[in-house]
Engineer: 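Just passing along the structure, written as structure tokens.
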Amino acid sequence: MLAPVILAASRSDKMRRLVSAAPGTKQVVDRFIAGETVDQVVPIVEDAVGKGLEVTLDVVGEDITTVEQSHAARDAYLELIERLKDLGFGEKAEMSVKLSMFGQALENGHELALANVRPVVEAAAAIGTTVTLDAEDHTTLDSMFAIHEELRKDFPQTGCVIQAYLFRTEDDARRLAENGSRVRIVKGAYKEPVEVAYQDKAEIDKAYVRILKILMNGKGYPMIGSHDPRLIAITQELARRAGRKLDEYEFQMLYGIRSEEHLRLAAEGHRMRVYTAFGTDWYGYFMRRLAEKPANLLFFGRSILTKG
């Protein structure tokens, strides 16, 4: 299995040096990671908004092993929000957070992650934007959903992510659609066991469409995280049938992937949000994406060759 090998490599300083020095690595990193600092990412946000796009910003760095690191992650987001305040983009520039980065896996991690993420959500609300809680592996989801529910008591615009390949997700979608949540739906990239997740691509796609129907016919705000042209077309048709206006749902795609499609959807009047990762821990972020789904290696390679 490739995943354990890649995960081990993500924690190896020697492999970090080798990968960082390898020909072509910088090309990959520059295309999919928007920069290392807030100063580097701000012009990218300005450019995207100027083109009619919206963004969600992710400060990379999930391998938290100390409470101090979790506080540093919180502070990195607060610094980002301070810069976004000056830009005045409001909800056009939101944030995505992984609760593992806020200490969720540490001792008393649920309480720690909630304590760290709350001031970020508060600060985001103060500048007219919001935060979406990313989904991670299935063992973390009950905690994530509980934190999401708690935050929504004071900040109902707080979003969360659901993953179509998990058996539980249709039930989660019904609950979230009924309570009016902002929900990003993705296929799912973590390597999950057969006991909890579909393994076949066709079954995952079918589940995705079933969940889309639930979200489109619910009271919430669906955010469609996919680069799949067929799912994008199905989304448009389901939205039409549900009587949703173009500003009552949105598409989300990764920075550096299908960039022309971002602009096409925005030109048609859709809300199109670009998931934009940045930070110094690009190596760990990139390697973990490969470990979650080694087929991503081919996907990134094809993306580089097609340039868009």
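When reading the values below, keep in mind they use all heavy atoms of this one structure, side chains included, and skip hydrogens, waters and symmetry mates.
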Engineer: Taking the side chain as every heavy atom from C-beta outward, state whether Tyr190 and His138 have any atom pair closer than 4.5 Å.
Structural biologist: no
Engineer: Report yes if some heavy atom in the side chain of Glu261 is under 4.5 Å from a heavy atom in the side chain of His227; otherwise report no.
Structural biologist: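 No, side chains not in contact.
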Engineer: Go through it in stages, so that I can follow the logic: the residues are Glu170 and Arg175, the test is salt bridge (charged side-chain N to carboxylate O under 4.0 Å, His left out), and I'd like the CA-CA distance, side-chain angles, deciding distance and then a yes or no.
Structural biologist: CA-CA 9 Å; Glu170 287 183 60; Arg175 172 178 53 81; over 6 Å; no
Engineer: Which pair of heavy atoms, one from Met223 and one from Cys160, lies closest together, and at what distance?
Structural biologist: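 Residues Met223 and Cys160, closest heavy atoms: CE-O, 4.5 Å.
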Engineer: If you measure from the Lys or Arg side-chain nitrogens to the Asp or Glu carboxylate oxygens, is any gap between Glu248 and Lys245 under 4.0 Å?
Structural biologist: no
Engineer: One thing to verify: whether Arg168 and Asp171 come together as a salt bridge, which I'm taking to mean a side-chain N less than 4.0 angstrom from a carboxylate O.
Structural biologist: no
Engineer: Kindly compute the distance separating CG (Leu212) from OG1 (Thr235), expressed to the nearest 0.5 Å.
Structural biologist: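 Here the rounded value is 4.5 Å.
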Engineer: Report the C-alpha separation of Glu54 and Phe89 in whole Å, then their side-chain angles, then the decisive distance to 0.1 Å, and conclude whether the side-chain contact (heavy atoms from CB on, under 4.5 Å) test is met.
Structural biologist: CA-CA 9 Å; Glu54 303 181 26; Phe89 287 145; over 6 Å; no
Engineer: Should the pair Arg83-Glu79 be classified as a salt bridge under the 4.0 Å nitrogen-to-oxygen rule?
Structural biologist: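 So Arg83 does not pair with Glu79 through a salt bridge.
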Engineer: Leu231 and Val186: same hydrophobic cluster, using ILVMFWY side-chain contacts below 4.5 Å?
Structural biologist: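 In one cluster: no.
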Engineer: Any salt bridge linking Lys92 with Glu46? Criterion: basic side-chain nitrogen under 4.0 Å from a carboxylate oxygen.
Structural biologist: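 No.
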Engineer: Please report the shortest heavy-atom distance between Ser70 and Gly103, naming the atom on each side.
Structural biologist: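 It is CB-N, 3.8 Å.
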Engineer: Given 3.5 Å as the limit, does a donor-acceptor pair link the side chain of Thr169 with the main chain of Asp172, or not?
Structural biologist: no
Engineer: Are any of the side-chain heavy atoms of Leu133 and Val131 separated by less than 4.5 Å?
Structural biologist: yes
Engineer: Donor-acceptor pair, distance only, cut-off 3.5 Å: does the side chain of His110 make one with the backbone of Ala105?
Structural biologist: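 A pair under 3.5 Å: no.
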Engineer: Could you measure the distance from the CD atom of Gln104 to the OG atom of Ser143? Nearest 0.5 Å is fine.
Structural biologist: 4.0 Å
Engineer: So is Arg184 actually on top of Tyr221's ring, under 6.0 Å and inside 45° of the axis?
Structural biologist: no
Engineer: If only atom types and distance count, is the side chain of Asp47 paired as donor or acceptor with the main-chain N or O of Pro43 below 3.5 Å?
Structural biologist: no
Engineer: Say whether Val120 and Val67 are linked into one hydrophobic cluster, either directly or through other cluster members, by side-chain heavy-atom distances under 4.5 angstrom.
Structural biologist: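 Per the 4.5 Å side-chain linkage, Val120 and Val67 are co-clustered.
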Engineer: Does some side-chain heavy atom of Leu215 sit less than 4.5 Å from a side-chain heavy atom of Leu238?
Structural biologist: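 No, every pair of side-chain atoms sits at 4.5 Å or beyond.
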Engineer: Does the distance from a Lys or Arg side-chain N to an Asp or Glu carboxylate O, for Arg152 and Glu149, drop under 4.0 Å?
Structural biologist: no
Engineer: Suppose we call two aromatic rings close when their centres sit under 6.0 Å apart. Are Tyr77 and Phe102 close by that rule?
Structural biologist: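 Centroid distance Tyr77-Phe102: below 6.0 Å, so yes.
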Engineer: Mind checking the OG1-CZ spacing from Thr158 to Arg118? Nearest 0.5 Å is all I need.
Structural biologist: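 Here the rounded value is 9.0 Å.
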Engineer: Has the side chain of Glu203 got a donor or acceptor atom that lies under 3.5 Å from a matching backbone atom of Asp200?
Structural biologist: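 Here the side-chain-to-backbone pair does not exist.
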Engineer: Is any NZ, NE, NH1 or NH2 atom of the basic residue among Glu136 and Lys98 found under 4.0 Å from an Asp or Glu carboxylate oxygen of the other?
Structural biologist: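 No, no charged N to carboxylate O under 4.0 Å.
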Engineer: For a quick check under 3.5 Å, do Asp137 and Thr139 share a side-chain donor-acceptor pair by atom type?
Structural biologist: yes
Engineer: Using a strict 4.0 Å threshold on nitrogen-to-oxygen distance, state whether Glu94 and Arg182 make a salt bridge.
Structural biologist: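 Arg182 and Glu94: salt-bridged.
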Engineer: Distance alone, cut at 3.5 Å: any donor-acceptor contact between the side chains of Ser96 and Thr132?
Structural biologist: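 No, no side-chain donor-acceptor pair sits under 3.5 Å.
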Engineer: Taking all non-hydrogen atoms of both residues, which atom of Thr129 and which atom of Ala93 are closest, and how far apart?
Structural biologist: OG1-O, 3.0 Å
Engineer: One pair to check against side-chain contact (heavy atoms from CB on, under 4.5 Å): Lys187 and Tyr208. What are the steps and the verdict?
Structural biologist: CA-CA 7 Å; Lys187 288 186 180 181; Tyr208 196 107; 3.7 Å; yes
Engineer: Which heavy atom in Leu78 sits nearest to a heavy atom in Ala123, and how many Å separate them?
Structural biologist: CD2-CB, 3.8 Å
Engineer: Once you round to the nearest 0.5 Å, how far does CD of Gln157 lie from CG of Leu151?
Structural biologist: 10.0 Å
Engineer: Arg74 and Val117: side-chain contact (heavy atoms from CB on, under 4.5 Å), yes or no, with the steps?
Structural biologist: CA-CA 7 Å; Arg74 173 201 63 201; Val117 77; over 6 Å; no
Engineer: Can you check whether Phe32 and Tyr255 have ring centres sitting under 6.0 Å from each other?
Structural biologist: no
Engineer: Take Asp205 and Arg230, measure what salt bridge (charged side-chain N to carboxylate O under 4.0 Å, His left out) needs, and give me the verdict at the end.
Structural biologist: CA-CA 10 Å; Asp205 286 352; Arg230 189 170 64 89; 3.3 Å; yes
Engineer: Taking side chain to side chain contact (heavy atoms under 4.5 Å, CB included) as the criterion, tell me which of Val55, Asp58, Leu84 meets it with Met95.
Structural biologist: Leu84
Engineer: Quick check: do Leu112 and Glu107 have side-chain heavy atoms less than 4.5 Å from each other?
Structural biologist: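 No, every pair of side-chain atoms sits at 4.5 Å or beyond.
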Engineer: Assess the side chains of Tyr275 and Asp134: does a donor N or O sit below 3.5 Å from an acceptor N or O?
Structural biologist: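 Result is yes, a qualifying pair exists.
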Engineer: For the residue pair Thr56 and Val274, establish whether any side-chain heavy-atom pair is separated by less than 4.5 Å.
Structural biologist: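 No, their side chains stay 4.5 Å or more apart.
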Engineer: Would a single hydrophobic cluster contain both Ile211 and Phe145, if residues Ile, Leu, Val, Met, Phe, Trp and Tyr are joined by side-chain heavy-atom contacts under 4.5 Å?
Structural biologist: yes
Engineer: Ignoring hydrogens, what is the shortest heavy-atom contact between Arg258 and Pro229? Give both atom names and the distance.
Structural biologist: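 Heavy atoms only, the tightest pair is NH1-CG, 3.6 Å.
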Engineer: Rounded to the nearest 0.5 Å, what separation is found between the CG atom of Leu53 and the NE2 atom of His262?
Structural biologist: 7.5 Å
Engineer: Any side-chain donor paired with an acceptor under 3.5 Å for Asn179 and Ser181?
Structural biologist: yes
Engineer: Going through the distances and angles, do Val121 and Thr130 end up as a side-chain contact (heavy atoms from CB on, under 4.5 Å)?
Structural biologist: CA-CA 6 Å; Val121 173; Thr130 189; 5.8 Å; no
Engineer: Below 4.5 Å, heavy atoms only, C-beta onward: do Glu268 and Leu246 meet side chain to side chain?
Structural biologist: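 Heavy-atom side-chain distance check fails, nothing below 4.5 Å.
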Engineer: Distance from Met272 atom CE to Leu265 atom CG, nearest 0.5 Å?
Structural biologist: 6.5 Å
Engineer: Under 4.5 Å between side-chain heavy atoms, counting indirect links through other Ile/Leu/Val/Met/Phe/Trp/Tyr residues: same cluster for Leu80 and Val45 or not?
Structural biologist: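 Leu80 clusters together with Val45.
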Engineer: What I want to find out is whether Glu178 reaches Arg174 closely enough, with some N-O distance under 4.0 Å, to be called a salt bridge.
Structural biologist: no
Engineer: Evaluate the side-chain proximity of Glu150 to Phe155: yes if any heavy-atom separation is below 4.5 Å, no if none is.
Structural biologist: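 Contact flag for Phe155/Glu150 side chains = no.
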Engineer: Which heavy atom of Ala34 sits nearest a heavy atom of Thr276, and at what distance?
Structural biologist: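 Answer, listing the atom of Ala34 first, then Thr276: CB-CG2, 3.4 Å.
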Engineer: Flag yes if Val49 and Val38 sit in one hydrophobic cluster, no otherwise; membership is Ile, Leu, Val, Met, Phe, Trp, Tyr, and two members link when side-chain heavy atoms are under 4.5 Å apart.
Structural biologist: yes
